[in-house]
Number of protein chains: 2
Amino acid sequence: MTGSRRGDLFSPACPTRRLLDRLGTKWTSMAVKSLSDGGELRFTELRRRMPGVSQKMLSTTLQTLVADGLVARRVEDTVPPRVHYRLTELGASLEVPLSALREWAEQHMARIDDHRRRAGLG
Amino acid sequence: MTGSRRGDLFSPACPTRRLLDRLGTKWTSMAVKSLSDGGELRFTELRRRMPGVSQKMLSTTLQTLVADGLVARRVEDTVPPRVHYRLTELGASLEVPLSALREWAEQHMARIDDHRRRAGLG
DNA sequence: CTGGATCCTGGTCGATACTG
DNA sequence: CAGTATCGACCAGGATCCAG
């Protein structure tokens, strides 16, 4: 942090853009929400809470979140293995602004859809 | 709105997912931010504020935003034509949760990047 | 000046099959 | 149970040229 960085908002390294890029991937926000609601969950439990997700995509999504430090992965050394996922503090802190965006979406997306229908693009 | 819709959060029509899908497209959030900062702007003014955007992508992005009802388009009937864009009330209201997400990104993305580097995933 | 039309590339995502 | 490997479809997005 070198003081004011408003100019950075439009640099290729813009943190907002990179964050939205990730949240924009299909399953990321749903996984965060599921872990926020369910606490610590196993792989299959998580999968059940995310209708439509494939094993590969859930695995990839979780790997990204773990690498980002938003989700913690805990392996029980049993047979068969049990793997548990939960939000880290960082992940939980993201839930705050993210839930604000969710509220906005739930309140206003219907109007957006309506507008799009009239424009004939949606 | 038909009362509580928490279950909808994971339906294919989930409003949050669809909103993030749009905000996740490369230039959308930058355009919203630029219009929020600059007020009403012409196409080329907007383009200057968004380094790296191509004519096509700016055009496409603005069309989407206009169709969504987040941005208003005003054409001055001159030669050559001047086209002005500004946020609608709906678009301005989106700026509220969006700026909260920006703050989070600016405060925490560095830590995410650091975490990723250690994980060796980029 | 403000776009539209076209072509092309890379990455996201899904289906399927296989493994410890 | 919890992944990994591979293949292919699809589309966002960039380059370029053209038009009102």
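Chain letters run A, B, ... following the sequence lines, proteins first, then strands; residues in each count from 1. Note that these values count all heavy atoms, side chains included, but never hydrogens, waters or copies made by symmetry.
Under the side-chain contact (heavy atoms from CB on, under 4.5 Å) criterion, A:Thr44 pairs with A:Arg48, sequence neighbours left out. With sequence neighbours left out, the side-chain contact (heavy atoms from CB on, under 4.5 Å) criterion links A:Val75 to A:Arg73, A:Val83. Every residue was checked against the ring pair (Phe, Tyr, Trp, His ring centres under 6.0 Å) condition with B:Trp27, not counting sequence neighbours, and none meets it.
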Taking N or O atoms only and anything under 3.5 Å, show me the protein contacts with nucleotides 8-13 of chain D, one pair per line.
residue	atom	partner	partner atom	Å
D:dG13	OP1	B:Lys26	N	2.7

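The NE2 atom of B:His84 sits 11 Å away from the C1' atom of C:dC1 (whole-angstrom rounding).
Nearest-nucleotide positions on DNA chain C for B:Thr60 and B:Arg42 put B:Arg42 closer to the 5' end.
Terminal axes of the helix from C:dC1-D:dG20 to C:dG20-D:dC1 (five pairs each, C1' rotation axis) are separated by 40°, to the nearest 10°.
Among the nucleotides D:dC1, D:dG3, C:dG4, the one closest to the side chain of A:Pro80 is D:dC1. Among the nucleotides D:dG20, C:dA17, D:dC17, the one closest to any side-chain atom of A:Gln55 is C:dA17. When each of D:dC1, C:dG3, D:dG3 is scored by its nearest atom to the side-chain atoms of A:Arg73, the top-ranked nucleotide is D:dG3.
Here A:Thr44 reaches the OP1 or OP2 of D:dA2: one of its side-chain N or O atoms lies under 4.0 Å away. OP1 and OP2 of D:dC1 both lie 4.0 Å or more from every side-chain N or O belonging to A:Tyr85.
Under the ring-ring contact (aromatic ring centres under 6.0 Å, His included) criterion, no residue pair touches residues 32-90 of chain A, with sequence neighbours excluded.
As judged by a 4.0 angstrom heavy-atom cut-off over every strand, B:Ser59 is placed among residues touching the sugar-phosphate backbone only.
In this structure, NZ on A:Lys33 lies 13.0 Å from CE on A:Met50, to the nearest 0.5 angstrom.
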